[in-house]
K.L.:
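Here it is: the structure, laid out below.
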Amino acid sequence: MVKIAPSILSADFLNLKNEIEEVIKGGADYIHVDVMDGNYVPNLTFGMPVVKSIKKACSIPLDVHLMIDKPERYIDEFIDAGADILTIHYEATTHLHRTIQLIKSKGILAGVSLNPATSLDVLEYIYEDIDLVLLMSVNPGFGGQTFIKAVERKLKELRKNIDNNYPHVLIEIDGGIKLDNAKNIADLGADILVIGSDIFSYNDIRSRTEQFKLVINNN
């Protein structure tokens with residue numbers, strides 16, 4: 001079963017607790033939290049206190065995506081705040097292996113994210129140490145962008161490599177996923193789809209979440 005992780009980057013923060021509850025009722029598997037520092041990406045979102053508050057309203061795992069420079073500085077803080085999955089960008093840390101090992105030592109799942117133009121080759125010596133690869137299908141920093149078509153080829157290549165060599169690793173796709181392309185992306189090999197504006201821009205976000213679950217897992 002392909003899972004979905006609604007991204008609260010597109011949620012109404014004045015009504016965040018209720019919206020989290022609604023997507024959970026609609027069948028969400030994770031809550032995706034994009035942490036941006038205004039440095040690594042040209043946007044600023046929120047830090048550990050907000051993540052901690054979100055955790056209190058969340059009965060499903062918290063999928064925290066650090067779009068920040070030198071994420072190794074804040075691993076302990078985000079885990080203490082409630083991250084169940086912590087994903088860092090290959091491009092944002094000098095010592096990827098060391099940072100992944102630090103996350104793993106805390107007993108949670110560790111992921112590596114790649115920007116659209118970053119080659120899969122950079123993961124060659126880290127697959128055995130990670131639990132998840134997050135492929136960005138837009139350039140990181142803002143919600144509501146259009147899916148980059150070339151990432152489909154990247155996803156197929158990654159799926160084949162993981163199936164053949166690293167079956168423990170999950171594949172997550174983030175950016176530009178809509179109801180009309182979600183099934184295709186799932187069929188290409190994604191395990192988890194991050195969906196933002198195409199859930200939270202609807203009045204009935206519970207129903208919209210249910211629609212996504214039905215579409216991507218309809219054989």
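On a predicted model such as this, the values are computed, not experimentally measured, just so you know.
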K.L.:
Charged N to carboxylate O under 4.0 angstrom, Lys3 versus Asp191?
P.N.:
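No, no charged N to carboxylate O under 4.0 Å.
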K.L.:
Could you name each residue pair satisfying side-chain hydrogen bond (donor to acceptor under 3.5 Å, both in side chains) that touches residues 44-54, not counting sequence neighbours?
P.N.:
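Sorted pair list comes back empty.
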K.L.:
Suppose we screen for side chain to side chain donor-acceptor pair (under 3.5 Å). Which residues come up paired with Glu72, at least two apart in sequence or across chains?
P.N.:
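For Glu72, the residues satisfying side chain to side chain donor-acceptor pair (under 3.5 Å) (neighbours in sequence not counted) are Thr93.
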K.L.:
Go through the structure and list residues passing side chain to side chain donor-acceptor pair (under 3.5 Å) with Lys104, not counting sequence neighbours.
P.N.:
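Checked Lys104 against side chain to side chain donor-acceptor pair (under 3.5 Å); matches are Asp131.
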K.L.:
Is it true that Asp204 and Arg208 make a salt bridge, defined as a side-chain N closer than 4.0 Å to a carboxylate O?
P.N.:
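A salt bridge is absent here (no side-chain N lies under 4.0 Å from a carboxylate O).
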K.L.:
Could you list all the ring-ring contact (aromatic ring centres under 6.0 Å, His included) pairs where at least one residue sits in residues 195-215, not counting sequence neighbours?
P.N.:
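ring-ring contact (aromatic ring centres under 6.0 Å, His included) check on residues 195-215 returns no pairs.
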K.L.:
Quick one: side chain to side chain donor-acceptor pair (under 3.5 Å) partners of Asn203, sequence neighbours excluded?
P.N.:
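Per chain and number, Asn203 pairs via side chain to side chain donor-acceptor pair (under 3.5 Å) with no residue.
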K.L.:
Using a strict threshold of under 4.0 Å (side-chain N to carboxylate O), is an ion pair present between Glu22 and Lys25?
P.N.:
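Looking at Glu22 together with Lys25, the answer is yes, because their closest N to O distance falls below 4.0 Å.
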K.L.:
Holding to side chain to side chain donor-acceptor pair (under 3.5 Å), I want the full list of residues that pass it with Glu21, two or more places apart in sequence or in another chain.
P.N.:
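Applying side chain to side chain donor-acceptor pair (under 3.5 Å) to Glu21 gives Lys17.
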K.L.:
Report yes or no: do Ser7 and Asp174 form a side-chain donor-acceptor pair below 3.5 Å?
P.N.:
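No pair is found: no donor N or O on one side chain lies under 3.5 Å from an acceptor on the other.
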K.L.:
Taking only residues two or more places apart in sequence or in another chain, which ones pass ring pair (Phe, Tyr, Trp, His ring centres under 6.0 Å) with His32?
P.N.:
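His65.
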K.L.:
Once salt bridge (Lys or Arg N to Asp or Glu O under 4.0 Å) is applied, do any residues pair with Asp37, and if so which ones, sequence neighbours excluded?
P.N.:
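Counting only residues at least two positions away or on another chain, Asp37 forms no salt bridge (Lys or Arg N to Asp or Glu O under 4.0 Å).
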K.L.:
Report the residues that fulfil ring pair (Phe, Tyr, Trp, His ring centres under 6.0 Å) with Tyr166, sequence neighbours left out, ordered by chain and then residue number.
P.N.:
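Per chain and number, Tyr166 pairs via ring pair (Phe, Tyr, Trp, His ring centres under 6.0 Å) with Tyr127.
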K.L.:
Measure from the side-chain N and O atoms of Asp29 to the backbone N and O of Ile4, and report whether any donor-acceptor pair falls under 3.5 Å.
P.N.:
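Checked: pair present.
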K.L.:
For Lys106, check side-chain contact (heavy atoms from CB on, under 4.5 Å) against everything at least two apart and list the hits.
P.N.:
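With neighbours one apart ignored, the set is Asp76, Ile79, Leu102.
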K.L.:
Listed by chain and number, what are the side-chain contact (heavy atoms from CB on, under 4.5 Å) partners of His95, not counting sequence neighbours?
P.N.:
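Once residues adjacent in sequence are excluded, the partners of His95 under the side-chain contact (heavy atoms from CB on, under 4.5 Å) criterion are Arg98.
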K.L.:
Using the test salt bridge (Lys or Arg N to Asp or Glu O under 4.0 Å), find all partners of Lys70 that sit at least two apart in sequence or belong to another chain.
P.N.:
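In terms of salt bridge (Lys or Arg N to Asp or Glu O under 4.0 Å), with neighbours along the sequence ignored, Lys70 is linked to no residue.
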